[in-house]
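Each chain gets a letter, A, B and so on, in the order its sequence line appears, and its residues count up from 1.
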2 protein chains.
Amino acid sequence: MTEKEFLASYDPDKYKKPSVTADILIFTINKSSELELLLIKRKEHPFKDKWAIPGGFVGISESVEDAAKRELLEETGIEQGYLEQLYTFSKVDRDPRMRIISVAHFALVPWQLLNFKAGDDAADAKLFKIKMENWELALVAKDGTTLHEKDLTFDHKDIVLMGLKRLSGKLDYSNIAFELLQNKECFTIFELKQIYDAIKGKTSDLGNFRRMFKSRYVSESHVEEINQMSDEFSKKKAQCYRYIG
Amino acid sequence: MTEKEFLASYDPDKYKKPSVTADILIFTINKSSELELLLIKRKEHPFKDKWAIPGGFVGISESVEDAAKRELLEETGIEQGYLEQLYTFSKVDRDPRMRIISVAHFALVPWQLLNFKAGDDAADAKLFKIKMENWELALVAKDGTTLHEKDLTFDHKDIVLMGLKRLSGKLDYSNIAFELLQNKECFTIFELKQIYDAIKGKTSDLGNFRRMFKSRYVSESHVEEINQMSDEFSKKKAQCYRYIG
DNA sequence: GCAAAAGTGTTCTAGCTACACCCATGC
DNA sequence: GCATGGGTGTAGCTAGAACACTTTTGC
């Protein structure tokens with residue numbers, strides 16, 4: 001039997017298959033420099049009317065990344081933003097409908113680009129501030145809607161926690177923080193520090209942050225000074241920078 | 001329609017689904033303290049008689065982790081060893097048979113436990129030393145069989161490279177190196193250094209490594225001195241340690 | 001004047017690097 | 001005696017943390 005014959009006679013549906021979804025944690029930093037996560041209220045069973053991470057099935061002729069991108073677009077109207085694969089969750093009973101494997105992702109989106117609306121599968125969509133209270137996750141929307149970690153459906157609590165850990169960890173050895181800037185072409189050191197603080201969940205020393213910024217980003221040419229000053233975040237004019245890569 | 005009714009009427013096979021496999025990079029350190037990777041020679045189409053990473057389909061009622069564990073057992077006879085999920089690869093055309101999404105893993109196995117034989121799907125199985133030549137991956141078996149990175153089937157080159165990068169990176173902030181020790185209950189500092197050097201691909205200063213070992217592992221109680229000396233790796237007797245966790 | 005950010009300087013520590021040096025021992 | 005690992009010591013560099021200080025400016 002040649003390879004060609006083999007392929008022609010191969011039956012892809014011989015065995016029962018799990019379904020695969022791409023789920024996305026959509027993070028943003030709001031105007032008050034707080035970390036927020038987009039959740040949707042489910043319109044359909046299972047867990048109708050509960051809050052969950054957006055996601056959708058991976059089609060037969062698209063990659064998982066494409067499915068995640070599509071989902072991000074549907075949910076937020078964003079054509080391209082930072083998107084990274086997080087982890088694949090596959091507990092057998094994680095979905096009551098049937099066997100579903102979820103490839104979780106996270107996206108970083110500047111708040112002013114976020115134009116979300118309830119999608120096809122969502123009765124509602126909201127941004128929730130992320131807090132840690134008594135070592136447990138708490139999610140609070142602007143209108144006061146409060147979710148405890150146990151209120152998250154499926155295994156979404158695990159996904160959110162892993163996402164937060166990864167995000168916080170990557171601040172130290174990558175350039176992802178820049179993805180949350182309002183404007184990568186013109187920003188101040190303080191603005192970036194706000195993003196760091198929001199993700200790390202603590203306020204760092206401004207003087208030290210400046211030095212870190214200069215040695216790690218300016219000296220290494222990830223960023224350059226531009227001929228522009230800003231007083232958006234302070235009374236005194238501040239030097240603006242441009243993100244290069 | 002209640003949730004119960006919804007679930008009862010739900011058809012899991014409404015849409016075409018991709019297949020999912022768990023593939024696994026099985027790393028070991030050989031007697032000469034070199035990093036090796038287990039590859040199998042494919043017995044079936046596609047890519048019959050080519051070398052590939054072991055892997056298998058994820059069944060409808062097992063998690064991806066379970067499938068990877070099962071694969072590790074089948075391929076190496078190892079009941080439990082270090083296993084970690086690496087990344088999910090999903091390019092649409094990565095497998096000529098059909099749409100297959102691969103959740104790649106890596107396993108760390110001490111060489112003396114490695115009792116591999118060709119499994120059901122393999123005509124042969126071999127350990128390959130990992131080298132970088134001209135910035136490209138080269139794999140060399142003890143019998144001289146040499147593979148270039150382009151000889152790896154599917155997208156296995158990408159998987160191997162990502163695995164190596166992750167492995168090397170995790171040495172700096174985790175305890176995975178201990179998983180490759182012949183005996184976690186009794187080992188010398190030199191033995192651990194050999195593992196580090198093999199993975200990093202360079203020899204580090206022994207004196208400095210000792211100090212790092214003591215401040216990072218002994219002082220932090222990941223490891224403890226035991227009442228035993230070894231001369232397996234040197235003429236002079238060396239202090240033995242025990243890995244705690 | 002006060003608060004808050006812009007920006008600089010200082011001091012201390014911890015960790016890593018590159019060494020140089022001892023000891024023990026098998027060949 | 002020489003190579004090799006076991007083991008310690010030292011000096012230098014760097015990044016980070018903690019903190020003090022000066023400047024600008026809107027309120």
Problem - Test ring-ring contact (aromatic ring centres under 6.0 Å, His included) applied to A:Phe187 and A:Phe178, step by step - result: CA-CA 10 Å; A:Phe187 62 90; A:Phe178 295 97; 5.8 Å; yes
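The listed nucleotides are D:dG5, D:dA17, D:dG9; the one nearest the side chain of A:Asn208 is D:dA17. Taking every side-chain heavy atom of A:Lys214 into account, C:dT8 is the closest of C:dT8, D:dT8, C:dA6. Listed nucleotides C:dA18, D:dG5, D:dA18 differ in distance to A:Arg211; the shortest reach to its side chain belongs to D:dA18. For B:Ala238, taking side-chain heavy atoms from C-beta onward, the closest of the listed nucleotides D:dT8, D:dG6, C:dT8 is D:dG6. Nearest to the side-chain atoms of A:Met212 among the listed nucleotides C:dG7, D:dT23, D:dG16 stands D:dG16.
Considering only side-chain N and O atoms, B:Arg210 lies nowhere under 4.0 angstrom from the phosphate OP1 or OP2 of D:dT8.
Contact annotation for B:Leu206: backbone-only contact, meaning every heavy-atom pair under 4.0 Å involves sugar-phosphate atoms and none involves a base.
Atom P of nucleotide D:dG7 and atom CG of B:Asp231 are separated by 12 Å, given to the nearest angstrom. The nearest whole Å value for the distance from the CG atom in A:Leu192 to the C1' atom in C:dA6 is 16 Å. The separation between A:Gln239 atom CD and C:dT8 atom P is 10 Å, rounded to whole Å. Rounded to a whole Å, the CZ atom of A:Phe209 is 16 Å from the P atom of D:dA18. Between A:Met229 atom CE and D:dT23 atom C1' there is a gap of 13 Å when expressed in whole angstrom units. Here the P atom of nucleotide D:dG5 and the CG atom of B:Asp197 are 11 Å apart, to the nearest Å. In this structure, B:Glu225 atom CD and D:dG6 atom P are separated by 14 Å, rounded to whole Å. Atom CZ of A:Phe213 is separated from atom P of D:dA17 by 17 Å (rounded to the nearest Å).
When each of A:Lys129, A:Lys142, A:Lys131 is paired with A:Glu34, the salt bridge (charged side-chain N to carboxylate O under 4.0 Å, His left out) condition holds for A:Lys129 and for no other. With A:Ile130 as the fixed residue, the side chain to side chain contact (heavy atoms under 4.5 Å, CB included) test singles out one of A:Ile199, A:Val140, A:Leu164: A:Leu164.
Comparing B:Thr188 and A:Arg216, the nucleotide of DNA chain D nearest to each residue sits closer to the 5' end for B:Thr188. Between B:Asp205 and B:Lys235, the residue whose closest nucleotide on DNA chain C is further toward the 5' end is B:Asp205.
Other residues, nucleotides and ligands contribute only 12 or fewer heavy atoms inside 6.0 Å of the NZ atom of B:Lys165. The local environment of NZ in A:Lys126 is crowded, with over 12 non-hydrogen atoms from other residues, nucleotides or ligands closer than 6.0 Å.
Evaluation of atom-type donor-acceptor distances gives a pair under 3.5 Å for the side chain of A:Lys236 against the base of C:dA6.
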